Structures are given as C-alpha cells and as structure tokens.
Amino acid sequence: MKYQKPKGTADIMPDQSSKWQYVEETARKLFEKYCYQEVRTPIFEKFEVFSRTSGETSDIVTKEMYDFYDKGDRHITLRPEGTAGVVRAFVENKLYGPEIQKPVKTYYMGPMFRYERPQSGRLREFHQIGVEAFGVDNPALDVEVMAMAINLLKQFGLTSLKLAVNTLGDDESRQAYRQALVDYLTPFENELSDDSKERLKKNPLRILDSKDSNDQKIVEKAPSILDYLTPQAHARFETIKELLSVLDIDYVVDSNMVRGLDYYNHTIFEIMSADDAFGGKWTTICAGGRYNKLVKELGGPETPGIGFGLGVERLLLVIENQSLPIAKKLDVYVVGIGEQTSTESLKLVQTLRNQGFVAERDYLDRKPKGQFKTASKLAAQYTLTIGESELVEKTANLKNMQTGTEKKVTLADVYQDFALLINSITEE
RNA sequence: GCGGUAGUGGCGAAGUGGUUAACGCACCGGAUUGUGGCUCCGGCACGCGUGGGUUCGAUUCCCACCUACCGCCCCA
C-alpha cells in the first residue's frame with residue numbers, strides 16, 4: 001500500500017457516515033431544546049491557550065499535544081479538547097458583556113487531537129461533542145447539564161449507564177485536601193508504584209484513581225475530599241445531590257474521581273458504560289464539570305462555567321450493534337436496455353428527482369438481469385424500464401418490485417406526474 | 001514512551017524454502033437477444049505490509065521499519 005492514513009486517524013466512509021450524521025443530528029436537536037447554540041472555533045490554537053488552562057504539568061500538555069511552529073514561528077497546537085478554545089472565543093468575542101443574556105449556552109462538535117498510542121476507542125484524531133455554559137453558578141445548571149448528557153445517551157439507546165459525581169470544592173477546600181492527602185501518602189512513598197511516586201510531586205490527586213492494585217490498597221484509607229470541603233462547598237454539593245434525586249437521576253458519589261485537566265472545581269462528573277463493546281468494563285464516554293476560574297485565566301472577567309465532552313468514537317462503539325433509524329431509500333431505479341436508451345434514462349432520473357423521488361440508473365450499459373439485480377439490492381421500490389421498442393413508442397415499463405406487478409406507462413405521464421402512476425399500479 | 005499479538009486478492013481464509021499461491025463470499029460474463037431466486041459454466045493476486053539480508057532459489061528463514069489490534073501511562 002503506497003499511501004496510508006496517518007497513524008491513529010480514521011476514514012469515515014459512506015457506510016459509516018450516516019451513523020455519524022445521525023449522532024450529530026440527534027445531539028443538535030436535543031441541545032437546541034435546552035437552548036444551546038453551536039459555536040465553531042478553530043481546530044488549532046496558540047499553544048498557550050491549552051498550556052495555561054489544562055495545567056502546565058498535565059500529561060495532555062507535557063506529552064500529548066500535537067504542537068508545531070508555523071512559518072511565522074508561532075507556537076501552534078491542534079486542539080486536544082474543546083473547552084479551552086470555546087472559552088477563548090467567549091472572552092475574545094466579549095460574550096461576558098452585560099447585554100448578553102446569561103447563561104451563554106454553547107455546544108460544539110468536531111475533531112480533537114492527542115499524540116498518543118492508538119487503541120480501542122482512542123485515536124490521535126478523535127471527535128467530541130460538547131457543551132459549555134457560561135455566567136451562572138447556580139447548582140441547578142450543573143444538574144441540568146448532567147441531565148442533558150444522560151438524556152442524550154439514552155436517546156442513543158444506551159442502557160446500563162452510570163453517572164458518577166464528585167466535587168473538587170473551591171480553592172480553599174482543594175488546597176486543604178491536597179495537603180491532607182500528601183501528608184497521608186508521604187509515609188507510603190516507597191510502597192507506591194513508580195508512576196504514583198511521580199504523581200505525589202506533580203499531581204497527588206491522580207493517585208486516587210491509579211490502576212495499580214497496591215496503590216489502590218493504600219488509597220482505600222486515604223482521606224476523602226468530602227471531609228475537607230468548606231461549608232459553602234459542602235452545601236453546594238448537597239444541593240447537587242438533592243437536585244439529582246428530584247429529577248430521579250441515579251448517580252453514585254465517587255470521591256476518588258479526579259480530572260486530567262487542572263481547570264475544574266466544584267462539580268465533576270463522568271458517565272460510564274459497561275457495554276459489551278468495552279468488554280464489560282466501565283468506560284467513560286462522557287465527562288465534564290465546572291470551571292469557575294477558566295474565563296479569568298484566559299483574560300476575561302471572573303465568570304463561572306460548566307460543560308462536558310462526549311467521545312463520539314466511544315459512543316459509536318456502543319451503538320455499533322444497534323440498528324439505528326437510518327433508512328436508506330430508493331424510490332425508482334431506471335433500467336435502460338441498450339446504449340441508445342442512455343439519454344432517455346438521464347432525462348428520466350432527472351425528472352423523477354425533480355419531482356422529489358430518489359432515483360438511480362445504470363451507467364455501465366449492463367444487461368437487464370444485472371440491472372434488476374442491482375435494483376433489488378438497492379431495495380428500489382419501483383423500476384422503470386425502457387428499451388428500443390419503448391423508446392419508439394414513448395412508453396416505459398413500470399414495475400412494483402415488491403409485488404412484481406408491471407404496467408406499461410407513457411413517458412408523457414412519467415414526466416407529468418410519476419406519483420400518480422405509482423398510485424395506479426398500487427391500486428391494481 | 002513501554003509491553004504483547006498480527007499483516008496473503010474487495011472481504012474471509014488455507015498454504016509451502018523450489019514448476020501455474022487452495023477454497024469460500026462478493027463482483028463480472030455466459031447458459032436464458034429484455035427482468036430480481038436457484039443451479040451450472042467461465043473470469044477475477046504484475047503477486048503474499050515496506051525495505052534490506054541469508055540462499056542456487058523465498059510469500060515461507062533473519063533484521064529493520066510501517067500499520068492495525070490489545071494492555072500500561074493518560075484519557076473522551
């Protein structure tokens with residue numbers, strides 16, 4: 001093979017694209033019910049947009065960014081996630097202005113890039129559908145966002161979902177907790193996995209979701225963030241849980257859940273699926289949270305925000321086996337017998353299309369048998385056959401492919417109103 | 001970045017250090033001057049991921065690389 005797609009990328013071919021369209025369309029419709037509007041931001045941004053917001057020491061920034069210097073020596077990076085770019089656009093376009101109604105509810109969908117080893121449900125170019133809402137700190141919005149995410153997944157027919165929620169509290173809570181955690185873990189430092197030893201210095205919270213079994217044992221008895229919340233942060237989290245219950249949304253509190261990005265505070269959540277597609281393991285397909293300092297970080301006024309990102313490839317893995325309501329339909333297949341019918345066939349399909357039908361024809365001058373076979377395979381409702389004699393008589397042979405009944409019709413009638421002919425053959 | 005498995009026609013899949021690389025599906029043509037199923041016949045790999053090497057000779061042995069898949073890190 002001379003040319004191959006770059007490592008970790010995928011071609012979405014015609015047999016797949018309808019699924020993508022269905023997913024995107026469904027998301028758009030749902031988001032608009034909640035009054036979210038689409039924003040489209042650049043695929044690449046200045047490196048600092050992500051390094052500032054994701055955390056200088058986060059893995060995403062230190063090893064997973066697709067960055068490069070352009071011809072103007074600008075440090076550019078392909079976006080690894082959607083939030084930072086949307087926040088940048090929010091600030092740059094001054095949507096924080098008083099004349100703009102809050103919350104500003106936005107959604108986006110598109111490719112993201114991370115330089116990592118591809119594996120199941122993880123590509124270097126992958127796609128996310130996400131939402132971001134700015135300007136409101138009300139916990140009701142947190143819950144509405146989670147409810148919307150769940151609704152979306154349910155619309156795709158996903159069952160066996162798990163909503164895990166946690167809070168990172170405010171700055172004060174988080175700092176107090178971080179200290180407590182480090183104090184607890186330091187005596188165990190030598191027992192921790194090599195990865196976690198590193199994390200102890202860089203990002204101790206990450207040790208909480210280590211997959212190393214020994215780490216997990218140590219973490220079991222570690223202090224919980226929930227015990228270090230300030231009264232306000234605590235009250236906020238209680239409200240969140242209460243509102244989830246009011247909406248009858250099942251959830252579990254996972255106080256060990258953390259985020260890969262540094263900008264979150266207060267509410268964070270993940271929606272996981274244990275579908276067969278993931279070998280029965282709980283796998284996160286949607287994750288999000290609140291980020292009240294991000295807008296300020298990117299130069300805007302202090303403005304609260306909350307959002308989530310949904311991994312489209314992972315979602316597709318789950319709905320792969322389901323039959324989606326995607327109907328390919330073909331109304332008429334025009335069978336032309338002999339080269340000299342090609343012109344009339346062209347006029348026929350064009351006329352039918354103009355009349356609103358989905359029409360196709362043969363372009364290879366194949367034998368009738370082959371053409372009918374194709375019509376059958378394409379699930380054509382009707383065929384319209386013309387040969388030399390029909391050409392002379394200015395007629396065509398209309399056939400209902402389901403019943404097999406045939407009828408001679410005039411071309412004039414077809415050009416006039418094909419729907420009428422369909423009715424007549426159906427009635428007989 | 002680390003570890004493991006794999007790479008033969010459009011797809012699935014045998015195979016061997018040595019003349020013409022099985023078979024199945026799909027596709028195309030014919031039997032049936034113009035009709036969807038079945039059956040029968042025929043066609044369909046400038047060649048076995050790429051590049052080197054060993055050898056009289058390699059798809060088959062060795063090395064490197066590429067890619068895919070699985071796991072780790074991390075994450076959607």
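The basis for the numbers below is simple: all heavy atoms, side chains too, and nothing from hydrogens, waters or symmetry mates. Everything numeric here is computed off the predicted structure, so don't read it as measured data. Each chain gets a letter, A, B and so on, in the order its sequence line appears, and its residues count up from 1.
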Name the orientation class of the two ring planes belonging to A:Tyr228 and A:Tyr177 (parallel below 30°, tilted from 30 to 60°, perpendicular beyond 60°).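 Plane angle between 30° and 60°, so tilted.
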Heavy-atom donor-acceptor pair, [X] side chain to [Y] backbone, under 3.5 Å:
{"X": "A:Gln355", "Y": "A:Tyr415", "value": "yes"}
{"X": "A:Glu81", "Y": "A:Thr83", "value": "yes"}
{"X": "A:Thr77", "Y": "A:Tyr66", "value": "yes"}

Sugar-phosphate, base or nothing in reach of [X], heavy atoms under 4.0 Å:
{"X": "A:Gly404", "value": "base"}
{"X": "A:Ile337", "value": "base"}
{"X": "A:Ala375", "value": "nothing"}
{"X": "A:Gly288", "value": "nothing"}
{"X": "A:Ser389", "value": "base"}

[options]: which one has an atom nearest the side-chain heavy atoms of [X]?
{"X": "A:Ala287", "options": "B:rG29, B:rC69, B:rA76", "answer": "B:rA76"}
{"X": "A:Glu390", "options": "B:rG34, B:rU35, B:rA76", "answer": "B:rG34"}
{"X": "A:Tyr115", "options": "B:rA68, B:rG1, B:rG36", "answer": "B:rG1"}
{"X": "A:Gln128", "options": "B:rU35, B:rA68, B:rA76", "answer": "B:rA76"}
{"X": "A:Thr284", "options": "B:rA76, B:rC69, B:rU67", "answer": "B:rA76"}
{"X": "A:Glu116", "options": "B:rC73, B:rG34, B:rA76", "answer": "B:rA76"}
{"X": "A:Arg366", "options": "B:rC73, B:rG34, B:rC28", "answer": "B:rC28"}
{"X": "A:Phe126", "options": "B:rA76, B:rC28, B:rC73", "answer": "B:rA76"}

Between [N] and [X], counting only base atoms on the nucleotide and side-chain atoms on the residue, is there a donor-acceptor pair under 3.5 Å?
{"X": "A:Thr385", "N": "B:rG34", "answer": "no"}
{"X": "A:Arg114", "N": "B:rA76", "answer": "yes"}
{"X": "A:Arg314", "N": "B:rC75", "answer": "yes"}
{"X": "A:Lys399", "N": "B:rU35", "answer": "yes"}

Suppose you measure atom [atom1] in [N] against the same atom in [M]; what distance do you get, rounded to whole Å?
{"N": "B:rG52", "M": "B:rA45", "atom1": "C1'", "answer": "24 Å"}
{"N": "B:rU32", "M": "B:rC41", "atom1": "P", "answer": "16 Å"}
{"N": "B:rG49", "M": "B:rU59", "atom1": "P", "answer": "10 Å"}
{"N": "B:rG15", "M": "B:rC23", "atom1": "P", "answer": "15 Å"}
{"N": "B:rG4", "M": "B:rU54", "atom1": "P", "answer": "28 Å"}
{"N": "B:rG12", "M": "B:rC70", "atom1": "P", "answer": "16 Å"}
{"N": "B:rU20", "M": "B:rG47", "atom1": "C1'", "answer": "13 Å"}
{"N": "B:rC28", "M": "B:rA21", "atom1": "C1'", "answer": "22 Å"}

Please give, in whole Å, the distance from [N] [atom2] to [X] [atom1]?
{"X": "A:Met109", "N": "B:rA76", "atom1": "CE", "atom2": "P", "answer": "18 Å"}
{"X": "A:Phe308", "N": "B:rC75", "atom1": "CZ", "atom2": "C1'", "answer": "17 Å"}
{"X": "A:Leu123", "N": "B:rC69", "atom1": "CG", "atom2": "C1'", "answer": "12 Å"}
{"X": "A:Asp15", "N": "B:rG10", "atom1": "CG", "atom2": "P", "answer": "17 Å"}
{"X": "A:Glu64", "N": "B:rC73", "atom1": "CD", "atom2": "C1'", "answer": "8 Å"}
{"X": "A:Gln4", "N": "B:rG49", "atom1": "CD", "atom2": "P", "answer": "12 Å"}
{"X": "A:Arg124", "N": "B:rG1", "atom1": "CZ", "atom2": "P", "answer": "8 Å"}
{"X": "A:Asp365", "N": "B:rG29", "atom1": "CG", "atom2": "C1'", "answer": "14 Å"}

With a 3.5 angstrom cut-off on both distances, give the Watson-Crick or G-U wobble partner of [N], or none if there isn't one.
{"N": "B:rG51", "result": "B:rC63"}
{"N": "B:rC2", "result": "B:rG71"}
{"N": "B:rG42", "result": "B:rC28"}
{"N": "B:rU33", "result": "none"}

Within 45° of the axis and under 6.0 Å from the centre of the six-membered ring of A:Phe50, does NZ or CZ of A:Arg79 qualify? no
The single option from A:Glu132, A:Glu32, A:Glu144 that satisfies side chain to side chain donor-acceptor pair (under 3.5 Å) with A:Lys105 is A:Glu144
Phosphate OP1/OP2 of [N] contacted by [X] side-chain N/O (<4.0 Å):
{"X": "A:Lys369", "N": "B:rU35", "value": "no"}
{"X": "A:Arg117", "N": "B:rG1", "value": "no"}
{"X": "A:Gln119", "N": "B:rC70", "value": "no"}

Between side-chain atoms of residues 345-353 of chain A and protein atoms elsewhere (two or more places apart, or another chain), which donor-acceptor pairs fall under 3.5 Å?
{"residue": "A:Ser345", "atom": "OG", "partner": "A:Thr341", "partner atom": "O", "Å": "3.1"}
{"residue": "A:Gln350", "atom": "OE1", "partner": "A:Arg353", "partner atom": "NH1", "Å": "2.9"}
{"residue": "A:Thr351", "atom": "OG1", "partner": "A:Lys347", "partner atom": "O", "Å": "2.8"}
{"residue": "A:Arg353", "atom": "NE", "partner": "A:Ala359", "partner atom": "O", "Å": "3.1"}
{"residue": "A:Arg353", "atom": "NH2", "partner": "A:Ala359", "partner atom": "O", "Å": "2.9"}

A:Tyr184: side-chain hydrogen bond (donor to acceptor under 3.5 Å, both in side chains) partners, not counting sequence neighbours: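 Per chain and number, A:Tyr184 pairs via side-chain hydrogen bond (donor to acceptor under 3.5 Å, both in side chains) with no residue.
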